[in-house]
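Structure first, then comments.
Note that the coordinates shown come from a computational prediction; the quantities given were computed from them, not determined experimentally.
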Amino acid sequence: RRGGVGAIWGRVGPASGALARGEAKSGTAAPAGRLTREAAEKLTRFLGPDNRDVSEALTGQGLNCERLGRFAEAESPLRRALAIRVAALPVDSQDTARTRLFLGSALAKQKKYDEAGEVLRLAEEAFLKKEGATGSHTQKAIQSQVDLYRAWGKPEKAAEPAAGFSKSSP
């Protein structure tokens with residue numbers, strides 16, 4: 001294979017990053033989804049299925065699917081990305097926590113509430129350790145849980161993560 005990792009990343013990297021996300025936002029999301037899927041496939045073949053760069057491409061693929069409202073389709077690449085990150089990174093890694101936040105959102109939108117709640121709780125714990133209660137990612141994880149429990153019809157459970165907001169208030 002000529003050119004090494006840099007050469008292949010130069011060909012597929014933009015597809016998994018800002019270019020694909022920009023296309024998804026501008027209404028040409030079908031090409032963006034295809035590009036991120038292709039990027040993930042090429043990186044997997046070149047770098048192996050457990051490489052952190054592969055997890056980045058898979059996350060991009062999942063986020064593009066989620067932006068298109070294809071939550072079931074977003075689940076698989078986000079699960080694969082999370083598995084790679086859990087195996088390769090420290091337990092409280094912010095990259096892992098962000099992937100949990102994205103996966104939790106996709107699960108909640110599919111009404112897989114039990115699993116979504118657990119995934120979002122783990123994301124919140126990791127963000128809380130790194131940022132504290134007032135951190136933007138911590139607050140996003142808390143709000144995602146509140147939204148989940150309200151959608152699930154469990155307002156009493158929504159009060160638990162919502163308490164995190166009052167802790168962060170001066």
Measuring only between side-chain heavy atoms, which start at C-beta, is [X] closer than 4.5 Å to [Y]?
{"X": "E156", "Y": "Y149", "result": "no"}
{"X": "L58", "Y": "L78", "result": "no"}
{"X": "R85", "Y": "T59", "result": "yes"}
{"X": "L120", "Y": "R100", "result": "no"}
{"X": "R121", "Y": "L148", "result": "no"}
{"X": "K112", "Y": "E75", "result": "yes"}

Backbone of [Y] reached by a side-chain donor or acceptor of [X] within 3.5 Å:
{"X": "Q139", "Y": "A133", "value": "yes"}
{"X": "E118", "Y": "D114", "value": "no"}
{"X": "E131", "Y": "T138", "value": "yes"}
{"X": "Q94", "Y": "D92", "value": "yes"}
{"X": "T99", "Y": "D95", "value": "yes"}
{"X": "Q110", "Y": "F71", "value": "yes"}

So H137 and K130, side-chain contact (heavy atoms from CB on, under 4.5 Å) or not? Walk me through it. CA-CA 10 Å; H137 289 101; K130 179 73 173 183; over 6 Å; no
How far does CG of L63 sit from CG of L68, to the nearest 0.5 angstrom? 11.0 Å
Spatial distance of atom OG1 (T96) from atom CG (L89) [nearest 0.5 Å]: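 If we round to the nearest 0.5 Å, T96:OG1 and L89:CG are 4.5 Å apart.
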So F127 and R98, side-chain contact (heavy atoms from CB on, under 4.5 Å) or not? Walk me through it. CA-CA 9 Å; F127 290 135; R98 276 189 291 277; 3.8 Å; yes
When you compare the side chains of K140 and S136, does any donor N or O come within less than 3.5 Å of an acceptor on the partner? no
If every non-hydrogen atom of [X] is compared with every non-hydrogen atom of [Y], which pair is closest and at what distance?
{"X": "A123", "Y": "A97", "answer": "CB-O, 3.5 Å"}
{"X": "A81", "Y": "S55", "answer": "CB-O, 3.5 Å"}
{"X": "A116", "Y": "G104", "answer": "CB-O, 3.5 Å"}
{"X": "A106", "Y": "A74", "answer": "CB-CB, 4.4 Å"}

Full working for side-chain contact (heavy atoms from CB on, under 4.5 Å) between L107 and R79: CA-CA 10 Å; L107 291 168; R79 282 187 187 282; 3.5 Å; yes
